[in-house]
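To find a chain, count down the sequence lines: A is the first, B the second, and so on, and within it residues start at 1. What you see is a predicted model; the values in this text were computed from it and never measured.
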Number of protein chains: 2
Amino acid sequence: MTDDDTWTPPEILVAVDLVILTLRASVFHVLLIERGIEPFKGAQALPGGFLNNAEEDIYAAALRELREEADLDGTDLHIEQLGAYGTPGRDPRGRVLSVAYLTIAPGLPEPVAGTDASGAAWVPVEQALSGSVQLAFDHWKIVGDAVERARTKLEHTPLATAFCTKTFTIADLQEVYEAVWGVDLDPRNFYRKVQRVPGFIESAGADRRMTTGRPARLFRAGPATALHPPLTRPEPSNDSEEGR
Amino acid sequence: MTDDDTWTPPEILVAVDLVILTLRASVFHVLLIERGIEPFKGAQALPGGFLNNAEEDIYAAALRELREEADLDGTDLHIEQLGAYGTPGRDPRGRVLSVAYLTIAPGLPEPVAGTDASGAAWVPVEQALSGSVQLAFDHWKIVGDAVERARTKLEHTPLATAFCTKTFTIADLQEVYEAVWGVDLDPRNFYRKVQRVPGFIESAGADRRMTTGRPARLFRAGPATALHPPLTRPEPSNDSEEGR
DNA sequence: CCCCTTATTGTCAGTTCGACATTAAGGGGG
DNA sequence: CCCCCTTAATGTCGAACTGACAATAAGGGG
């Protein structure tokens with residue numbers, strides 16, 4: 001931040017975009033909204049919007065949009081800033097700098113009735129990034145960055161628990177890893193590894209849960225903020241890249 | 001991003017701040033500049049400034065400030081966006097949203113002659129965060145976030161090589177880890193571990209380097225973008241700290 | 001040639017990993 | 001009530017890895 005009293009710096013519009021990720025029926029989904037107005041009318045876009053006024057905090061604006069556009073309560077949801085996207089020309093209406101937030105929610109069964117936009121829908125992440133979906137602005141890149149961030153943070157933070165409800169089974173947790181990473185994991189080894197990490201998960205009473213088969217123990221998120229040791233993603237079996 | 005044609009969203013000043021980290025004499029340093037004008041005149045601040053005009057890209061602005069205020073060429077330097085800092089009131093002059101960038105540079109021996117500000121100086125990170133240094137705006141938090149980011153990325157990305165010159169020895173690399181993490185590592189085990197990670201470092205010819213003692217092999221950064229397996233930070237034996 | 005310094009290679013027991021088998025604990029149907 | 005089906009949890013085993021520490025290698029200086 002520097003000097004200058006004579007020169008007036010340019011003023012820029014500031015917006016907030018939300019990448020809301022969840023698991024639905026063991027599939028990794030992102031929330032997209034069909035735009036009802038130009039520009040990009042009819043295309044899919046991330047929920048978001050401009051700051052209400054010049055005094056609104058950007059994090060508060062993210063919480064507000066979360067409520068308005070996704071009908072979600074930010075309390076006890078994982079929300080972290082992803083970054084600022086401000087390439088000139090990203091919005092045809094003019095210079096807009098958008099601050100993107102990454103939100104992780106436990107799998108909501110309902111299709112989330114958007115209050116505002118034409119239609120809100122959970123879209124499988126794979127599909128959203130495949131190119132078969134028309135995404136507005138630079139939202140394709142934002143979603144890609146968010147997914148990459150989530151995949152990486154799964155390795156060395158307890159982020160996976162944010163995809164789960166208050167209490168969960170180890171199999172639930174494994175589903176998160178498998179869906180987000182797009183791999184299959186061995187339940188026996190996963191069970192062992194997860195329990196060894198101090199502070200990752202802790203037993204939630206002798207409680208259990210009903211399904212067919214043997215009842216599973218319930219856990220809740222532990223106090224750890226980092227996983228030591230980390231859960232490393234399996235190496236991609238191919239070797240089309242990487243060198244030694 | 002939403003609708004509305006009648007309502008005009010607020011315009012906000014956008015700035016760029018740089019956290020430039022390096023190693024000097026095996027000590028982890030950050031570049032700070034003494035402010036010559038109000039607000040926070042006389043305090044230390046990160047290099048940075050407002051966008052030049054409404055068309056300037058924020059990344060381009062970061063590169064420009066890097067040149068203007070630190071006399072550094074962004075080419076072949078590690079630069080990544082850290083995040084947006086936009087709390088109302090962070091700048092007493094009005095609403096300013098600042099996009100912070102994290103830059104890693106090989107240890108420059110010279111004290112970096114700032115072109116603009118009153119004085120630029122490399123300050124040990126520990127000192128900058130200790131509270132004994134008056135930092136302007138919310139720069140204390142920004143530096144803290146940057147350092148935390150660097151410490152974490154050292155574990156699972158080849159970021160450490162960004163602290164080194166084009167070619168380096170394994171002992172150089174170890175110095176980076178030790179200085180940034182603030183720990184001591186066993187050279188023998190470090191040597192083994194680093195070499196096992198595919199694509200982390202690759203031999204730079206049979207070249208060597210002069211010092212006292214046996215000449216060391218030179219390496220350069222490899223093609224890997226992630227470390228598999230990661231280099232995990234040693235557990236702190238005590239548990240007096242940690243927090244996020 | 002001896003000594004000092006730093007680099008690189010070994011050694012070794014304890015731990016962890018991945019692959020896979022086995023046992024445990026419900027619920028349903030006959 | 002017993003057999004069977006399903007999912008959960010524990011166990012086994014050789015290979016690989018880890019941390020602690022010893023031993024050897026390769027210059028430079030005196």
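Residues forming a salt bridge (Lys or Arg N to Asp or Glu O under 4.0 Å) with D186(A) (at least two apart in sequence, or on another chain): R188(A). Scanning for salt bridge (Lys or Arg N to Asp or Glu O under 4.0 Å) contacts around E202(A) gives R220(A), with sequence neighbours left out. By the salt bridge (Lys or Arg N to Asp or Glu O under 4.0 Å) test, R192(B) pairs with no residue at all, sequence neighbours left out. Not counting sequence neighbours, H78(B) has no partner by the ring pair (Phe, Tyr, Trp, His ring centres under 6.0 Å) test. Under the side chain to side chain donor-acceptor pair (under 3.5 Å) criterion, T212(B) pairs with no residue at all, not counting sequence neighbours.
Listed by first and then second residue, the salt bridge (charged side-chain N to carboxylate O under 4.0 Å, His left out) pairs that reach into residues 131-144 of chain A are R90(A)-D138(A), K141(A)-D145(A), sequence neighbours excluded. Residues in residues 153-168 of chain B take part in these salt bridge (charged side-chain N to carboxylate O under 4.0 Å, His left out) pairs, two or more places apart or across chains: E80(B)-K153(B), E155(B)-R233(B). Listed by first and then second residue, the ring-ring contact (aromatic ring centres under 6.0 Å, His included) pairs that reach into residues 178-200 of chain A are Y177(A)-W181(A), Y177(A)-F190(A), sequence neighbours excluded. Annotation: salt bridge (charged side-chain N to carboxylate O under 4.0 Å, His left out) contacts involving residues 168-185 of chain B, sequence neighbours excluded, comprise D172(B)-R209(B).
The stretch residues 180-196 of chain A touches DNA chain C through D186(A), R188(A), N189(A), R192(A), K193(A), R196(A), each having a heavy atom within less than 4.0 Å of the strand. Near DNA chain C, meaning a heavy atom under 4.0 Å away, the residues from residues 169-179 of chain B are A171(B).
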Within the sub-3.5 Å range, which N or O atoms of nucleotides 26-30 of chain C have a protein N or O partner, and how far apart are they?
residue	atom	partner	partner atom	Å
dG26(C)	OP1	R208(A)	NH1	3.0

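Applying the 4.0 Å criterion to OP1 and OP2 of dT10(D), one finds that R217(A) has a side-chain N or O inside that range.
Across all strands shown, dT15(C) is found opposite dA16(D) as a Watson-Crick or G-U wobble partner, with both distances under 3.5 Å.
A side-chain donor-acceptor contact under 3.5 Å links E148(B) and T152(B).
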